[in-house]
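In what follows, a single structure is set out as structure tokens and then discussed.
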Amino acid sequence: MSKTISLNDKNKDFFHSVYEVVRLIPKGRVTSYGAIAKYLGSARSSRMVGWAMNNAHDLNDVPAHRVVNRNGLLTGKMHFSTPLTMENLLKEEGVVVLNDQIVNFAQVYWDPNRELL
DNA sequence: CCGTTGACGCCAT
DNA sequence: TATGGCGCCAACG
């Protein structure tokens, strides 16, 4: 039995789609929760994208550190092994982070609605 | 079963 | 510009 997750088939699909999009984010680039939600057709379900990332922690092939909020703020840093993991991973990819804020956000921003199609 | 919370974001004031 | 309210919806107590 075992159902660590009690999601409906419909939502499983949503979560899975989120993982796919996140996997497509190029190294050194980032996107936002809202952009992913919109790309999946649920523009107002950005919170669910965040929840999906939480589940995604089990999968090692989902670069959750490349997803930030619409201001380029690292709001999800607390959910990583250490509060600095997210920031360090981004810096390793060339993303400039200062005070939990991506400085060159406009340059590294990757919008699935625009880049992907 | 019901009320709160939360990796968000848009809109009204 | 800053603050507050609401939509969204799964998980939790």
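Side chains included, hydrogens not; waters and symmetry mates left out as well; all remaining heavy atoms used. Proteins get letters first, then strands, A, B, ... in listed order; numbering begins at 1 in each.
Of the residues in residues 92-112 of chain A, none lies under 4.0 Å from DNA chain B by heavy-atom distance. Listed in residue order, the members of residues 74-90 of chain A having a heavy atom less than 4.0 Å from DNA chain B are A:Thr75, A:Gly76, A:His79, A:Phe80.
Heavy atoms of A:Asn69 sit under 4.0 angstrom from primed sugar atoms or phosphate atoms, though from no base atom. Among the protein residues, A:His57 comes within range of the nucleic acid bases, having at least one heavy atom under 4.0 Å from a base atom. Here A:Ser42 lies out of heavy-atom contact (under 4.0 Å) with every strand. Base contact: A:Arg47 has a heavy atom under 4.0 Å from a base atom.
Residues A:Leu40 and A:Ser17 form a side-chain contact, since some pair of their non-hydrogen atoms from C-beta on lies under 4.5 Å apart. Contact of the A:Val108 side chain with the A:Ile102 side chain is registered, since non-hydrogen atoms from C-beta on lie closer than 4.5 Å. Counting only heavy atoms from C-beta outward, the side chains of A:Ile25 and A:Val30 never approach each other to under 4.5 Å. Within the 4.5 Å cutoff, the side chain of A:Met53 has heavy atoms near those of the A:Val67 side chain. Contact check for A:Glu87 versus A:Asp100: side-chain heavy atoms found under the 4.5 Å cut-off. Side-chain contact between A:Tyr39 and A:Thr31: absent, with no pair of heavy atoms (C-beta onward) separated by less than 4.5 Å.
For the pair A:Phe14 CZ and C:dC8 P, the computed distance is 13 Å after rounding to whole Å. The CZ-P distance, from A:Phe15 to C:dC8, rounds to 17 Å in whole Å. Between the NZ atom of A:Lys38 and the P atom of C:dC8 there is a distance of 17 Å, given to the nearest Å.
For the P atoms, the distance linking B:dC8 with C:dT1 amounts to 22 Å, nearest Å. Taking atom P in both B:dA7 and C:dA2, the straight-line distance is 23 Å, to the nearest Å.
Between A:Glu93 and A:Arg29 there is no salt bridge, since no side-chain nitrogen of the basic residue lies less than 4.0 Å from a carboxylate oxygen of the acidic one.
Shown here is A:Asp58, whose CG atom has more than 12 heavy atoms of other residues, nucleotides or ligands within 6.0 Å. More than 12 heavy atoms of other residues, nucleotides or ligands sit less than 6.0 Å from atom CZ of A:Arg23.
The aromatic rings of A:Tyr109 and A:Phe105 are tilted relative to each other, their planes meeting at an angle between 30° and 60°.
Contact footprint of chain A on DNA chain B: nucleotides with an atom under 4.0 Å from a non-hydrogen protein atom, first to last in 5' to 3' order, B:dG6 to B:dC10.
Nearest heavy atom pair, residue A:Tyr33 against residue A:Asn69, reads CE1-N, 3.4 Å.
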